[in-house]
Amino acid sequence: MGAIVVMDGQIVGRGFNLRETTADPTAHAEVIALRQAAEHVGHWRLIDATLYVTLEPCAMCAGALVNGRVGRLVYGCTDPKAGAVDSLFGIPTDTRLNHRLTVTGDVRASECAEVLRAFFRARRKNHVP
C-alpha cells in the first residue's frame with residue numbers, strides 16, 4: 001500500500017506499509033504519510049491536505065484522517081474486509097465526529113486492485129513471511 005499527502009499541488013508526505021519491517025502495528029502507509037505532512041507544515045491540522053492511497057483505509061487510518069483534520073481522501077480500491085471509509089464503516093463522513101472530510105473512492109479501482117494482487121502474489125511465490 002502506498003499513500004501521499006498533497007497540499008497546494010505539492011507532495012508533503014509519503015508513506016508505504018512498514019508494519020512487517022518495523023514491527024509496528026501503526027506503520028500503515030496513511031499514518032506515515034500524515035506524520036511526514038504534519039512535520040512538513042509544522043502542525044497537526046491538515047485541513048487543506050488531500051491524502052491519496054491505494055486501498056480504502058482501515059479504522060485506525062480513517063480515524064487518523066479525522067483527527068488530523070485532513071480535508072479530502074482519495075482512494076483506489078475498496079477493502080471489504082477492513083475498509084472503514086465505505087465498506088464496513090463510514091468514519092470520515094460520520095456526522096457524530098467533530099470533523100468530516102470529502103471522500104472520493106474507487107479511483108482507478110481495477111488498476112489499484114491488480115497492483116495489490118501482484119504484490120501479494122509475488123510475496124507468496126517468494127515465501128516471504
D106: salt bridge (Lys or Arg N to Asp or Glu O under 4.0 Å) partners, not counting sequence neighbours: none

Grab the two heavy atoms, one from [X] and one from [Y], that are nearest each other, plus how far apart they are.
| X | Y | result |
| --- | --- | --- |
| V31 | C61 | CG2-SG, 4.0 Å |
| G63 | I91 | N-CG2, 4.0 Å |
| P25 | R19 | O-CD, 3.7 Å |
| G15 | A33 | N-CB, 3.8 Å |

Should L73 and T102 count as side-chain neighbours, where that means a heavy-atom distance under 4.5 Å? no

Does any non-hydrogen side-chain atom of P92 lie less than 4.5 Å from one of R100? no

Donor-acceptor pair, distance only, cut-off 3.5 Å: does the side chain of Q36 make one with the backbone of R14? yes

Please check if the side chain of D94 supplies one atom and the backbone of G90 the other of a donor-acceptor pair under 3.5 Å. no

Acceptor/donor pairs from residues 4-11 side chains to any protein atom, 3.5 angstrom cut, sequence neighbours excluded:
none

If Ile, Leu, Val, Met, Phe, Trp and Tyr residues are connected whenever their side-chain heavy atoms lie under 4.5 Å apart, and connections chain through other members, are L88 and V66 in the same group? yes

Same cluster for L34 and V103 if Ile/Leu/Val/Met/Phe/Trp/Tyr side chains link at under 4.5 Å? yes

Show the atom names and distances, to 0.1 Å, of all donor-acceptor pairs under 3.5 Å that link a side chain in residues 44-55 to residues at least two apart or in another chain.
from : atom 1 : to : atom 2 : distance (Å)
T54  : OG1    : G2 : N      : 3.3
T54  : OG1    : G2 : O      : 3.3

What pairs with H40 under side-chain contact (heavy atoms from CB on, under 4.5 Å), at least two apart in sequence or on another chain? V12

Residue pairs, two or more places apart or on separate chains, that pass side-chain hydrogen bond (donor to acceptor under 3.5 Å, both in side chains) and touch residues 75-91: E56-S87, Y75-D86

More than 12 heavy atoms of other groups within 6.0 Å of E39 CD: no

Is there a side-chain contact (heavy atoms from CB on, under 4.5 Å) between R72 and T104? Walk through the geometry before answering. CA-CA 8 Å; R72 183 173 178 226; T104 304; 3.5 Å; yes

CZ-SG distance between R108 and C77, expressed to the nearest 0.5 angstrom: 12.5 Å

Does the side-chain contact (heavy atoms from CB on, under 4.5 Å) test come out yes or no for L101 and L65, once each step is laid out? CA-CA 8 Å; L101 50 142; L65 293 167; 4.3 Å; yes

So, using side chain to side chain donor-acceptor pair (under 3.5 Å) as the criterion, who are the partners of D24 when residues are at least two apart? T26

